[in-house]
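Beneath this line is the structure, given in structure tokens, with notes to follow.
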Amino acid sequence: MIATLKAEEASQLQLVEREDIDDEEDLFESIDKLISAGINAGDVKKLQDAGIYTCNGLMMRTKKNLTGIKGLSEAKVDKICEAAEKINFGYITGSDALLRRKSVIRITTGSQSLDELLGGGIETSAITEAFGEFRSGKTQLAHTLCVSTQLPTNMRGGNGKVAYIDTEGTFRPDRIIPIAERFGMDPAAVLDNIVYARAYTYEHQYNLLLGLAAKMSGEQFRLLIVDSVIALFRVDFTGRGELAERQQKLAQMLSRLTKIAEEFNVAVYMTNQVIADPGGGVFISDPKKPAGGHVLAHAATIRLMFRKGKGEQRVCKVFDAPNLPEAEHVFQITPGGIADAKD
């Protein structure tokens, strides 16, 4: 059931039918439309079993990948791709692209100054990367977003559920409770609208992403958190001899995240670790740089650098973004999550 979240007078959250909320334009055609284009219903079911639910999602797969699906021959794949191209023509005008941008939702971080820095909040259909050393506030922002995403859009929320993939074991459901109370929401209902998975290997992490497509096609999700995206790759691959393979597997994982963000209009928030730059020398004040190299740098739409400040204050800097100027703001970690810094 495609649903959204609504706060009642008793501060309880309940699922209500999407039709009761404002209509949202369908950006991507359902893969069921292939049946009317002459594709066998059984073949469409095989695509859905493989995690492909939209024509756009189908076009995001290579023919080599599609022929790997059991029961689909090269001739069938060619016919399916030809039908999908007729339904979902690739080119649109700049005006249409601007119109599509209106469907982007910006989710509040809980701090007004941080929202202003980000142009309104964490945006959907994009990957936002937050990197910094430990205790710099990356996971605290993730917990706050777990709650703020469930707020109605008129309260700068996302009207949707949250998927959380934890690779470091840092998710704490009891941390969600005071944050939900701060926003006037029912903690139990908020926790019920968070789907959580603990990943232990990079392969497990990738397989968890594949399983998300089925859930996101049937329910309204607005945020996917991966905390952290690089941790398991640094464990499962060692030394320079495995670096090329590591970067290739990392690129495949990031490509999957990009496709999820664009196919289902969800915000992807991923945290990243830092590494010491031995070539930094004494002339660079902060010799740390984000892990993952150029592969991760090119995959992220918006890159945020976090660092520690005074006491519970933290500093967030726009490191790279296609539409935001380089600037920084101070925010504060409170019992109720991320908030504006106090003077």
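This is a predicted model, so every value here is computed, not measured.
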Tell me whether Arg314 contacts the main-chain N or O of Arg135 through its side chain, where contact means a donor paired with an acceptor under 3.5 Å. yes
By side chain to side chain donor-acceptor pair (under 3.5 Å), Asn65 pairs with (sequence neighbours left out) Arg61
Across all chains, not counting sequence neighbours, the side chain to side chain donor-acceptor pair (under 3.5 Å) partners of Ser111 are Ser113, Asp340
If only side-chain N and O atoms count, and only distance matters, is there a donor-acceptor pair under 3.5 Å linking Ser125 with Asn265? yes
Under the salt bridge (Lys or Arg N to Asp or Glu O under 4.0 Å) rule, collect the residues that match up with Asp320, sequence neighbours excluded. none
Donor-acceptor check, side chain of Ser148 to backbone of Thr108, threshold 3.5 angstrom: yes or no? yes
Is it the case that Arg198 places NZ or CZ above or below the six-membered ring of Tyr196, under 6.0 angstrom from the centre and within 45 degrees of the axis? no
Check residues 235-246 and write down every donor-acceptor pair under 3.5 Å in which the side-chain atom is one partner and the other belongs to a residue at least two apart or another chain.
unit_1, atom_1, unit_2, atom_2, d
Asp236, OD2, Tyr202, N, 2.9
Glu242, OE1, Thr238, N, 2.8

How would you list all residue pairs meeting ring-ring contact (aromatic ring centres under 6.0 Å, His included) that involve residues 99-128, not counting sequence neighbours? none
Check Gly38 against Lys79 and note the closest heavy-atom contact, atom names and distance. O-NZ, 3.6 Å
Can you sort out the partners of Arg106 under salt bridge (Lys or Arg N to Asp or Glu O under 4.0 Å), two or more places apart, ordered by chain and number? Glu123
Partners of Lys308 by side chain to side chain donor-acceptor pair (under 3.5 Å), sequence neighbours excluded? none
Within the side chain of Thr149, is there an N or O that forms a donor-acceptor pair under 3.5 Å with the backbone of Cys146? no
Working to the nearest 0.5 angstrom, can you tell me the gap between Arg156 CZ and Asp115 CG? 4.5 Å
Please go through Leu98's hydrophobic cluster and name the other residues, only I, L, V, M, F, W, Y counting, with side-chain heavy atoms under 4.5 Å joining them. none
Which pairs would a plain distance check flag for residues 323-339, meaning a side-chain donor or acceptor within less than 3.5 Å of a matching protein atom at least two apart in sequence or in another chain?
unit_1, atom_1, unit_2, atom_2, d
Glu326, OE2, Lys317, NZ, 3.4
Glu328, OE1, Arg307, NH1, 3.3
Glu328, OE2, Arg307, NH2, 3.1
Gln332, OE1, Lys342, N, 3.1
Thr334, OG1, Gly336, N, 3.2
Thr334, OG1, Gly337, N, 3.4
Thr334, OG1, Gly337, O, 2.7

Is it true that Leu141 and Val315 fall in one hydrophobic cluster, defined by side-chain heavy atoms closer than 4.5 Å? no
Are the side chain of Ser255 and the backbone N or O of Ala251 linked by a donor-acceptor pair below 3.5 Å? no
Same cluster or not: Leu34 versus Met59, using hydrophobic residues (I, L, V, M, F, W, Y) connected whenever any side-chain heavy atoms lie under 4.5 Å apart? no
Please list, chain by chain and in numerical order, all residues satisfying side chain to side chain donor-acceptor pair (under 3.5 Å) with Asp227, sequence neighbours excluded. Thr139, Tyr164, Thr170, Thr271
Greater than 12 external heavy atoms within 6.0 Å of Glu74's CD: no
Are Met155 and Val190 connected in the hydrophobic side-chain network, where two residues link if heavy atoms are under 4.5 Å apart? yes
Roughly how far, to the nearest 0.5 Å, is the CG atom of Leu212 from the OG atom of Ser217? 10.5 Å
Taking atom CD1 of Ile194 and atom CZ of Phe171, what is their separation to the nearest 0.5 Å? 4.5 Å
Can you name the salt bridge (Lys or Arg N to Asp or Glu O under 4.0 Å) partners of Asp192, sequence neighbours left out? none
Without swapping roles, check the side chain of Lys259 against the backbone of Met60 for a donor-acceptor pair under 3.5 Å. yes
Cluster link Ile230 to Tyr200, ILVMFWY, side chain under 4.5 Å: no
Could you give the distance from CZ (Arg175) to CD (Gln140), rounded to the nearest 0.5 Å? 4.5 Å
Leu118 side, atom CG; Leu304 side, atom CG - distance, nearest 0.5 Å: 5.5 Å
Spell out, yes or no, whether Val295 and Leu209 are grouped together once hydrophobic residues are joined by side-chain heavy atoms under 4.5 Å, including indirect joins. yes
Test Leu58 against every option in Val44, Ile80, Val77 by the side chain to side chain contact (heavy atoms under 4.5 Å, CB included) rule and name the one that passes. Ile80
Nearest heavy atoms of Arg222 and Gly158, plus distance in Å: CG-O, 2.8 Å
Is the closest basic N to carboxylate O distance between Lys215 and Glu219 below 4.0 Å? yes
Apply the test side chain to side chain donor-acceptor pair (under 3.5 Å) to residues Glu168 and Gln273: give CA-CA distance (whole Å), side-chain angles for both, the deciding distance (0.1 Å), then the verdict. CA-CA 11 Å; Glu168 297 182 336; Gln273 301 172 351; 2.7 Å; yes
Quick check for you: to the nearest 0.5 Å, what is the distance between Ile122 atom CD1 and Ile107 atom CD1? 8.0 Å
Residues at least two apart in sequence or cross-chain that pass salt bridge (Lys or Arg N to Asp or Glu O under 4.0 Å) with Lys45, listed by chain then number, are Asp49
